[in-house]
Amino acid sequence: MMEAAITFWSGLPEELRIVVEILAKIFVIVVPVMLAVAYFTYAERRIVGYMQRRRGPNRVGFRGLLQPIADALKLLTKEVILPANANRFLFFLAPILSLAPALAAWAVMPFQDGWILADIDAALLYVLALTSLGVYGVIIAGWASNSKYAFLGAMRSAAQIVAYEIAMGFALVGVLIVAGTLSLGGIVHGQSGGILHWYFIPLLPLFFVYFIAGVAETNRLPFDVAEGEAEIVAGFHVEYSGIAFALFFLAEYANMVLIAALAATLFLGGWQSPFPEGVDGIHWFLIKTAIMCFFYLWFRATFPRYRYDQIMRLGWKVFIPVTIVWIFVEGVAAWFEFGPWFS
Amino acid sequence: MPVEQITFWLFSAVLIASALRVITARNPVHSVLFLVLCFFTAAGLWLLLEAEFLGILLVLVYVGAVMVLFLFVVMMLDINLEPLREGFVRYLPLGILVGVVMIAQLALILGPGHFGEEYYAMPERAPADYSNTEHLGQVLYTEYLYHFEIAAVILLVAIIAAISLTLRKRPETTNYQSPSEQVRVGKSDRLRIVPMDSEKRE
């Protein structure tokens, strides 16, 4: 049986084998990501619940563990309503445009040494380009819905994402200066040798700017003016129901996990152990990602929503100057080959 | 047909079709979205040319930032296309003339007399460890340093010009918030505790 399968496999043309192999790898990445996203929503409701002295969902399955599956089933069976005078094609294209970049960015994520779908040279740029595409889903959804609230949400989101993308890009320029490479695998290799060699130490201000800009880019509290339940109902996805809404929901959480995983890779040593002699492995990557994900929930339970002009001020007048100053500081540090990082 | 050629024809066909739709679409928002598709497929073609840095940069800068602002503006404007279409027949001869001149110029450069495999050698395939990004960075900061710096200065001038154009003096009555003052404020600035003797109920 095994041998027959092997001879059948090697009998296939090479192009077909490559395609099948890549599809299998994509499947192996996307399924755990989607599961992580599903249980991230569960973790959010439970953790925020305990932070607010209530229990959260605990009825479906053991301690509520089947809750995300029940939610998904519920959304799948709901009717998808098309608003009057909405643009049909763009209305249904928007959730897809929102989810696709969030998943495509995982192609260059190094889970462990060698565990990477596409080890491309310009991986850092690729990630930045794809995270900037997610805004199209939001804008098109807001416009195609033919609704005032949705449109307001889309406008707010567009201005916010353009502002914070610059700060985020500059923060990643800092990583590029230390690492000397755009490849994510190369960046993780540059941080080997324990927690003192990780980039978050020389890049501490950039690390904060990156993560806060990431929170703003994913439209999460305290920067969720694009949704703003109290002001514009649910912002850009107010007209979406059923599976179309579920896609927006998945995209938002997939983006959050992506930003957390990128923070773990770029600033916290990826799969490397924090101890100089420790065993490296995917578990360290997962632990660091989970810790960064937890910060998202912690922010949500702690901070009130920023006002729109305060968000703009923070992005343009605080973060961008901070990153530019720190890039100059880094230039000096790189010239003098300061510490274990710039050598 | 090899995979590369299929990809090339597919991307080229999508690029030309969407470029046509940019100018023929009735709704300006659709035009902008087709322009986004144009940039995206052009980036795909650049990737085929092994210019991955430029390809990704096209998506990052044009699709990710410039077109978002474009879309932002186009969605806000309530464009009525009727008055724009009025002069169509009147300006048609001029438009055709400009178009013909442009096509003639392109044909002069790209015609078979000057542009072909005899004149430009086929680009050689880069080795697997060749990094487009690294090479570009090296020539940009050594060979083309002056060009690079002149471009940077022009950009800086453009930034200053754009800011000074939009800068306007607000009337004196406008109220401003000073966030640093708000953060620094203490209890003694806002609260006054008045000592009062308690009084008996009648």
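Lettering follows sequence order; numbering is per chain, from 1.
Screening residues 127-139 of chain A for salt bridge (Lys or Arg N to Asp or Glu O under 4.0 Å), with sequence neighbours left out, gives no hits.
No more than 12 heavy atoms of other residues, nucleotides or ligands sit less than 6.0 Å from atom CZ of B:Phe70. Counting non-hydrogen atoms of neighbouring residues, nucleotides and ligands closer than 6.0 angstrom, the CD1 atom of B:Ile193 reaches no more than 12 such neighbours. Around the CZ atom of A:Phe170, the shell of radius 6.0 Å holds no more than 12 heavy atoms that belong to other residues, nucleotides or ligands.
When every heavy atom of B:Phe72 is checked against every heavy atom of A:Ala159, the shortest pair comes out as CE1-N, 4.2 Å. What you find for A:Ile139 and B:Leu71 is that their closest heavy atoms are CG2-CD2, 3.7 Å.
Residue contact with chain A, scored on non-hydrogen atoms closer than 4.5 Å, is absent for B:Val61. Within the 4.5 angstrom heavy-atom criterion, atoms from both the backbone and the side chain of A:Leu128 approach chain B. Only the side chain of A:Leu90 comes within contact range of chain B, judged by heavy atoms closer than 4.5 Å. Proximity to chain A (any heavy atom under 4.5 Å) is restricted, for B:Leu57, to the side chain, taken from C-beta onward.
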Hey, mind stepping through B:Val68 and A:Ile161 against side chain to side chain contact (heavy atoms under 4.5 Å, CB included) and telling me if it holds? CA-CA 9 Å; B:Val68 172; A:Ile161 286 185; over 6 Å; no

Side chain to side chain contact (heavy atoms under 4.5 Å, CB included) for B:Phe40 and A:Leu133? Distances and angles first, verdict last. CA-CA 11 Å; B:Phe40 214 80; A:Leu133 289 186; 3.5 Å; yes

Inter-chain polar pairs, chain A versus chain B: which donor-acceptor atoms lie under 3.5 Å apart?
unit_1   : atom_1 : unit_2   : atom_2 : d
A:Asn87  : ND2    : B:His30  : NE2    : 2.9
A:Tyr136 : OH     : B:Val63  : O      : 2.5
A:Arg307 : NH2    : B:Gln177 : OE1    : 2.8

